[in-house]
Protein chains: 2
Amino acid sequence: MAYRLLIVEDSPELLEIMSVFYREEGAGLWTVDTAVNGNDALAKVSDESYDLMILDIMLPGASGFDICKAARSKSDCPIIFVTALSTDNFILKGYETGCDDYVIKPFSIRHLYAKSLALLKRARKSDDGEELRCGNISLNKKTMMVKVKGRPIEIKSKEYFLLLYLLENKDAVLTRKTILEHVWCDDLDVSDRIVDSTIKRLRDCLGEAAGQIRTVIGRGYRISEE
Amino acid sequence: MAYRLLIVEDSPELLEIMSVFYREEGAGLWTVDTAVNGNDALAKVSDESYDLMILDIMLPGASGFDICKAARSKSDCPIIFVTALSTDNFILKGYETGCDDYVIKPFSIRHLYAKSLALLKRARKSDDGEELRCGNISLNKKTMMVKVKGRPIEIKSKEYFLLLYLLENKDAVLTRKTILEHVWCDDLDVSDRIVDSTIKRLRDCLGEAAGQIRTVIGRGYRISEE
DNA sequence: AATGTTATGACACTGGTATGACATGAGATC
DNA sequence: GATCTCATGTCATACCAGTGTCATAACATT
């Protein structure tokens, strides 16, 4: 799954260099979209959604600051300003507008690329990709496949949703009550001993990874690595 | 609640400038801890837990890279390298080691400060808030996880709820009676010596942070920072 | 030194949890 | 529609960790 990148830069040469670099270096990691002026960029920002934006500040039409503001009103996608304006005031204005980083021209493209990866890594932590992992267990929300040590396993519906809920709250102790509310949300007139039974069945499914589901006596259950 | 910042820098003057700036500018936003050499820094990283680290690379003793690696093995706290080494190779090595940003000396401290805030903002998104902290102990009400110096510890149900009650009344002296009413609310026909036993077991769990729970003879117990 | 208070370790027991067998009911198959 | 099959909920039982009690040691206060 490629990350969507938007580069806004009014110098066509630099734009070309950057987009080629991101396309080549990542070997398909990035889908690069570009704009050469502020208004185009604004239109793209409002229409599309991106995983990372690299914005020049001085642009024909709207400025980089305007684009950043527009983007922020919609999402919190990481934003890097790339510009020749190196006075403290400009830089601080950039951060106030809500950017994540500020790179001054001339710059090393490898350096910029490394920054992009670091930023993406941190931003991705907060959003939920479709693959949840914990130790030897991985669950794909899209395909609803669960794997242990990379091998797919058979899993029934209730066990699947219980595992999903546990994984979405990795390391957290979940009480039977909370689990019931989230996994049996519709009919709450079941005994909360059902959680025990389902945990048992889930552990059976997980085989050697069963130990990752810990019982926390008096409080509930939690899933963790190792 | 203040954010814990670690600055590692072998030039005492620069270290002083930076720590003063963070303390003044944030007006209490930061608790600044410092180290002037690699080995001190390594010790601090393994003992304490921080919300942000600013690391010089060239240091007497262990290098900034070493410190970064050590920190990463334990937490994913944001890390900024600050150094005069500006060759591409060094910068890329920094990012490979897992830093979040790389600032080249000489640098603007306001710029660095703005970066710190941006990074903190992003890092905080991914963690699950509402943490009660007191000295080396932290308790997350949502995940029911208790950490000492940033390391999770095993804790049983009664001990957990006792610790929670103490932390919610940090620095206050709590009598056995009050504690019983709040932690054993349902069955009050227990002897109030049970509080002593549970305090003992809680102290055992807390290990080196056990001393934070003080006995106040004739009155009860209280929790405080050192 | 005497007295009251707390720490500590051993022990017993209770209540929460694991587990397997069984009941139920919704779909699938004929 | 009858039958089969499987997923899911319930229950009884056994087990054991967590919790409460107590006796004794250590400590604080007078």
Side-chain angles (χ1 to χ4, degrees), chain A residues 139 144-146 152-166 173-224, chain B residues 144-146 153-166 173-224:
Chain A
L139 179 151
M144 291 194 177
M145 274 249 273
V146 178
I153 61 166
E154 287 288 319
I155 190 166
K156 281 165 280 177
S157 176
K158 267 286 174 309
E159 281 89 299
Y160 171 82
F161 288 107
L162 174 58
L163 178 63
L164 174 61
Y165 183 56
L166 286 168
V173 178
L174 304 169
T175 63
R176 291 187 173 69
K177 194 160 159 289
T178 350
I179 294 177
L180 273 179
E181 275 163 16
H182 284 84
V183 182
W184 278 262
C185 29
D186 37 351
D187 56 337
L188 279 169
D189 52 345
V190 291
S191 139
D192 64 351
R193 292 287 112 207
I194 182 60
V195 177
D196 301 41
S197 295
T198 312
I199 286 278
K200 162 81 166 76
R201 284 164 187 155
L202 175 55
R203 279 179 174 145
D204 290 346
C205 293
L206 292 177
E208 55 185 322
Q212 283 182 235
I213 297 177
R214 316 290 186 83
T215 306
V216 184
I217 292 188
R219 283 179 288 166
Y221 296 94
R222 73 185 182 90
I223 199 166
S224 66
Chain B
M144 294 192 186
M145 279 246 275
V146 178
I153 61 166
E154 290 287 318
I155 189 167
K156 281 167 281 177
S157 185
K158 267 286 175 312
E159 281 89 298
Y160 171 82
F161 289 108
L162 174 58
L163 177 63
L164 174 60
Y165 183 56
L166 287 169
V173 178
L174 304 168
T175 64
R176 290 188 173 67
K177 193 159 161 289
T178 351
I179 294 177
L180 272 180
E181 276 163 15
H182 284 84
V183 182
W184 278 261
C185 28
D186 38 351
D187 56 337
L188 279 169
D189 53 345
V190 291
S191 138
D192 65 351
R193 291 288 113 204
I194 182 61
V195 177
D196 300 41
S197 293
T198 312
I199 286 278
K200 160 82 165 78
R201 285 164 187 153
L202 175 54
R203 280 178 173 146
D204 289 347
C205 292
L206 293 177
E208 54 186 323
Q212 283 182 235
I213 297 178
R214 316 293 184 82
T215 305
V216 183
I217 292 188
R219 285 184 288 163
Y221 297 94
R222 74 187 182 88
I223 200 167
S224 66

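Labels below follow one simple rule: chain letters A, B, ... track the order of the sequence lines, proteins then strands, and each chain is numbered from 1.
For B/Arg214, the CZ atom sits in a packed shell: over 12 heavy atoms of surrounding residues, nucleotides or ligands are nearer than 6.0 Å.
If you check C/dT5, D/dG9, D/dT21 against the side chain of A/Val190, the one that comes closest is D/dG9. Residue B/Glu159 has its side chain nearest to D/dT19 when only D/dA7, D/dT10, D/dT19 are considered.
Per the geometry, OH belonging to B/Tyr160 stands 17 Å off C1' belonging to D/dG18, to the nearest Å. In this structure, CZ of A/Arg176 is placed 7 Å from C1' of C/dT17, rounded to the nearest angstrom.
Atoms CD1 and CG, from B/Ile223 and B/Leu163 in turn, are 5.5 Å apart once rounded to the nearest 0.5 Å. Atom NZ of B/Lys200 sits about 11.0 Å away from atom CG of B/Leu202, to the nearest 0.5 Å. Once rounded to the nearest 0.5 Å, the distance linking CG of B/Leu162 with NZ of B/Lys156 reads 12.5 Å. A/Leu174 contributes atom CG, which lies 10.5 Å from atom CZ of A/Arg222 (distance to the nearest 0.5 angstrom).
The side chain of B/Tyr221 contributes an N or O atom lying less than 4.0 Å from OP1 or OP2 of C/dA7. The side chain of A/Trp184 contributes an N or O atom lying less than 4.0 Å from OP1 or OP2 of D/dG9. Checking the phosphate oxygens (OP1, OP2) of D/dC22, no side-chain nitrogen or oxygen of B/Ser191 falls inside 4.0 Å.
Annotation: the terminal axes of the helix from C/dA1-D/dT30 to C/dC30-D/dG1 meet at 40°, where each axis is the rotation carrying the C1' atoms of four end pairs onto the next four (5 pairs per end, rounded to 10°).
Between A/Thr175 and B/Met144 the shortest side-chain heavy-atom distance falls below 4.5 Å. Using a 4.5 Å heavy-atom threshold, the side chains of A/Lys158 and A/Trp184 count as touching.
Of the residues in residues 192-203 of chain A, those with a non-hydrogen atom less than 4.0 angstrom from any atom of DNA chain D are A/Ile194, A/Ser197, A/Arg201.
Every residue meeting the side chain to side chain donor-acceptor pair (under 3.5 Å) condition with B/Glu208, not counting sequence neighbours, appears here in chain and number order: B/Lys149.
Remark on DNA chain C: of its neighbouring residues A/Val216 and B/Thr215, the 5'-side contact belongs to B/Thr215, judged by nearest-heavy-atom nucleotide.
Although no hydrogens or angles enter the test, the distance criterion places a donor-acceptor pair under 3.5 Å between the side chain of B/Arg203 and the main chain of B/Ile213.
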